J.: 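Before I ask anything, let me first share the structure, which is written out below as structure tokens.
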Amino acid sequence: MHVAEMRMLRWMCGHTRSDKIRNEVVREKVGVASMVDKLREARLRWFRHVKRRGADAPMRRCEGLVIEGTQRGRGRPKKYWGEVIRQDLAQLHLTEDITLDRKEWRSRIKVVAQTMASSFASEIIRLHGHPEIQENINLFTQARNNIFTILNDLNDTPEIMKQMPPLPVKLNDELASLILPPRPPLPNKS
């Protein structure tokens, strides 16, 4: 299923496997959560719905049905819904009694697509107190200010200099604003 999902995401981006673009980059570009995670979310939503029902409801009576007299075929036994739910609950560290609190349950099973940039930024913010991180942030801030100064000076150059190709420098302002302090205002040249 993961292979088919990545094939569709690559197709949406206009890439093929021969472009050799990593799965994480493609997923970040599209900005979607994993299909496996979304399916788990849907299963657990239905599980809460079933658990809320009374014990005499038809869907609850089917939970405990045991079929006797049938012979299992060769190979691995089929995975039943209850087994999959138990695995999902264990993976998310949930218990069945949380199903009674709708808000808590929904917040714990909700899958949100998180881009690599935002997860990187949140990790940097979490580690912001460490001296090494602070030193690197100061260096990045200085580099960003130097780049903007150079770009600003290039805008004030004579016409012959403006015919040069633009510098191949791009800065992700959204990511920079999450990590770095605000940029100082540019000096007015009059």
Side-chain angles (χ1 to χ4, degrees), residues 1-17 19-66 76-130 132-134 136-137 140 170-183:
M1 181 163 42
H2 181 70
V3 173
E5 177 188 11
M6 288 312 301
R7 187 179 299 151
M8 287 183 272
L9 293 178
R10 277 196 188 89
W11 176 77
M12 288 169 59
C13 293
H15 298 298
T16 62
R17 281 183 46 89
D19 295 336
K20 296 189 178 177
I21 298 174
R22 297 183 62 86
N23 292 347
E24 297 84 20
V25 174
V26 172
R27 188 175 297 286
E28 178 186 352
K29 189 174 182 181
V30 177
V32 296
S34 168
M35 191 183 306
V36 172
D37 295 338
K38 291 305 272 184
L39 287 172
R40 180 186 323 110
E41 179 186 352
R43 272 193 309 266
L44 290 173
R45 238 188 1 253
W46 177 251
F47 173 69
R48 180 184 179 274
H49 177 69
V50 169
K51 283 297 179 186
R52 273 190 7 236
R53 302 295 297 222
D56 59 333
M59 64 177 75
R60 289 295 299 268
R61 283 186 285 171
C62 292
E63 274 184 314
L65 282 181
V66 178
R76 180 180 62 83
K78 290 194 182 295
K79 213 178 236 186
Y80 293 101
W81 183 72
E83 295 171 38
V84 177
I85 290 295
R86 277 194 294 280
Q87 288 175 353
D88 291 343
L89 291 174
Q91 189 171 7
L92 294 178
H93 308 292
L94 299 172
T95 57
E96 288 186 23
D97 58 329
I98 301 176
T99 58
L100 301 174
D101 183 4
R102 179 178 191 267
K103 199 172 200 176
E104 174 71 17
W105 182 259
R106 293 292 294 254
S107 69
R108 300 272 299 268
I109 68 167
K110 185 74 176 160
V111 175
V112 179
Q114 187 177 28
T115 62
M116 284 178 16
S118 64
S119 62
F120 171 74
S122 63
E123 183 65 16
I124 291 294
I125 290 168
R126 185 181 71 78
L127 296 171
H128 202 279
H130 294 287
E132 299 87 13
I133 298 291
Q134 188 59 47
N136 287 337
I137 288 176
F140 283 132
K170 289 186 179 179
L171 184 67
N172 185 338
D173 285 328
E174 182 183 334
L175 180 60
S177 66
L178 287 172
I179 300 170
L180 304 176
R183 180 170 80 202

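Predicted model only: the values in this text are computed from it and were never measured.
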J.: Assess whether side chain to side chain contact (heavy atoms under 4.5 Å, CB included) is satisfied between Met35 and Met8, documenting all intermediate values.
T.: CA-CA 11 Å; Met35 191 183 306; Met8 287 183 272; 3.9 Å; yes
J.: For Asp19 and Thr16, indicate whether the former's side chain and the latter's backbone hold a donor-acceptor pair under 3.5 Å.
T.: yes
J.: Given Leu92, which of Gln87, Arg40, Arg108, Glu41 fulfils the side-chain contact (heavy atoms from CB on, under 4.5 Å) condition?
T.: Arg40
J.: Between atom CE of Met6 and atom CZ of Arg22, what is the distance when rounded to the nearest 0.5 Å?
T.: 10.5 Å
J.: If I take atom CD1 from residue Ile85 and atom CZ from residue Arg43, how far apart are they, to the nearest 0.5 angstrom?
T.: 6.0 Å
J.: How far apart are the C-alpha atoms of Trp11 and Arg7, what are their side-chain angles, what is the distance that settles it, and do they pass the side chain to side chain contact (heavy atoms under 4.5 Å, CB included) test?
T.: CA-CA 6 Å; Trp11 176 77; Arg7 187 179 299 151; 5.8 Å; no
J.: Where do Glu83 and Lys78 come nearest, in terms of heavy atoms and distance?
T.: OE2-O, 4.1 Å
J.: Please round to the nearest 0.5 Å and tell me the distance separating atom CD1 of Ile21 and atom CG of Leu9.
T.: 12.5 Å
J.: Once you round to the nearest 0.5 Å, how far does CZ of Arg86 lie from OH of Tyr80?
T.: 12.0 Å
J.: Flag yes if more than 12 heavy atoms outside Trp81 fall under 6.0 Å of its CH2 atom; otherwise flag no.
T.: yes
J.: Ile109 and side-chain contact (heavy atoms from CB on, under 4.5 Å): which partner among Asp37, Leu89, Leu94, Asp88?
T.: Leu94
J.: Might you point out which heavy atoms bring Arg48 and Trp105 nearest each other, and give the distance in Å?
T.: CD-CD1, 3.2 Å
